Amino acid sequence: MKNYIAFIASFVMLMLVLQVGSGMLLTMLYEPGLTEEVGTLGSTVTFGESTYMFPLVVAMLAATISFLFQNDFHNVVAN
């Protein structure tokens, strides 16, 4: 059980680091495309909705599956 918790924690931390890193890279490389007609721009800004629960659940499911496959593969190779 300790191995599973350590595996899940490292998997989630790696995902978090990759998400933050890719977000920083995309932000640094972003160039807004402005149009010629300034009068048509809206006065409100919509950032959209973001949920972190679904990607986290998918990451934990993928980590669980890879952990189980790793254990099964290790048991097959050991025999």
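Throughout, residue positions are numbered sequentially from 1 according to the sequence presented. Model, not experiment: these values are computed from the prediction. We use all heavy atoms of the structure for the numbers below, so side chains are in, but hydrogens, waters and symmetry mates are not.
Both F67 and M60 are part of a single hydrophobic cluster, where members link through side-chain heavy atoms under 4.5 Å apart.
Counting all heavy atoms, side chain and backbone alike, F7 lies closest to A63 at CE2-O, 3.2 Å.
The CD1 atom of I5 sits 12.0 Å away from the OG atom of S10 when rounded to the nearest 0.5 Å.
Of the listed residues (V20, L14, L16), just one forms a side-chain contact (heavy atoms from CB on, under 4.5 Å) with L18, and that residue is L14.
I8 is listed as a side-chain neighbour of Y4, based on a closest heavy-atom distance under 4.5 Å.
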